[in-house]
Amino acid sequence: MKKMTVVGAGGQMGQWFARYFADKGFEVTGYDSENKIIGKNIIASDSLVGSILKADYVVLCTPTRRTPEIIRLIAKEMKRGTYLIEISSEKSKVVSSLSKMPDKINPICIHPMFGPGTKVIKGQNIISVPIKDAKKELTVAKALFDGANFVTIDAAEHDKKIAVILGLTHLMNLVFANIISKDEKMNLTEKMSGTTFRVQKTLAESIMTESPELIETIIANPEIRRVAEELWKDIGRLLTAVQESKTEEVITYIRECQERLAKHTDINESYKKLTKMVKSVEK
């Protein structure tokens, strides 16, 4: 029986991976210095190094900031020919630690684009960042997460894309959630609201189920500055134009946006999807 160790097994994603691999027939050991390890068929270890000595695979579900240091601590202690799997949402610093590991250890650098509420792996997106041997690393990752869709991209490009995919969405929804959380008359707001507000509120609230540490890591991605500054600038520009009654300028901004979107999206289809989503939720 293959042995899998999950470091950070008490966190939300750690619990997900521990359960996933236990269900796949691995002998799963969990270590977590901060959270209690729960879940049947998980062997709890009270030592980081002790937990990884016999493992065939180690998956790190640790805060991004601490991951490079954990890689350094355990890589030299792991058995020859084993795999160290890393899942953080920001790759630049982690990649340099993974590439400095002893040659006896195989790095697998992935970013699962799903949350801990996911029931099946089939059809889920996983980003793979090559470290030493791109083909071998991808083959092993595909075998471990059979049925997932893989996209391969280098670390710098990954962080740029994630700044939009996660950074921008988390930043906007965090601020939106903060504003509505101060609404003393939320019941009235809810009664008055239409589809757009309900969907936005649901999205913002679901993002707020993530740990503050994870959200902070996501919006601290250095690549987000570029996108966030554009967001900041455009909001300022639109508000100024509206206050100065520059109607045409605002309409032009909206039209140009619609035209650019229309090149690769059918926005009418998107509206239909939104209506369907709301109907299925409110049944």
Output yes when [X] and [Y] qualify as a salt bridge under the 4.0 Å nitrogen-oxygen rule, no when they do not.
X      : Y      : result
Glu190 : Lys201 : yes
Arg255 : Glu248 : no
Lys272 : Glu269 : yes

Residue list, side-chain contact (heavy atoms from CB on, under 4.5 Å) with [X], at least two apart or on another chain:
X      : value
Ser89  : Thr64, His111, Leu166, Leu214, Thr217, Ile218
Thr240 : Glu244
Gln200 : Asn173, Phe176, Leu203
Thr139 : none

If we ignore hydrogens and angles and just use 3.5 Å, is the side chain of Thr169 paired with the main-chain N or O of Ile165 as donor and acceptor?
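The answer is yes, because a donor-acceptor pair under 3.5 Å joins these two groups.
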Donor-acceptor pair, distance only, cut-off 3.5 Å: does the side chain of Asp56 make one with the backbone of Lys3?
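Looks like yes, one N/O pair under 3.5 Å.
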Which residues pass the salt bridge (Lys or Arg N to Asp or Glu O under 4.0 Å) test with Glu86, not counting sequence neighbours?
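Checked Glu86 against salt bridge (Lys or Arg N to Asp or Glu O under 4.0 Å); matches are Lys91.
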What pairs of residues pass the salt bridge (charged side-chain N to carboxylate O under 4.0 Å, His left out) test when at least one of them lies in residues 129-157, not counting sequence neighbours?
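Listed by first then second residue: Asp103-Lys132.
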What is the ring orientation for Tyr57 with Phe26, classed by angle as parallel under 30°, tilted 30 to 60°, or perpendicular over 60°?
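Rings of Tyr57 and Phe26: perpendicular, as their planes differ by over 60°.
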Assign the ring pair Phe114 / Phe17 to parallel, tilted or perpendicular, where the plane angle (0 to 90°) is split at 30° and 60°.
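Because their plane-to-plane angle lies in the 30° to 60° range, the rings of Phe114 and Phe17 count as tilted.
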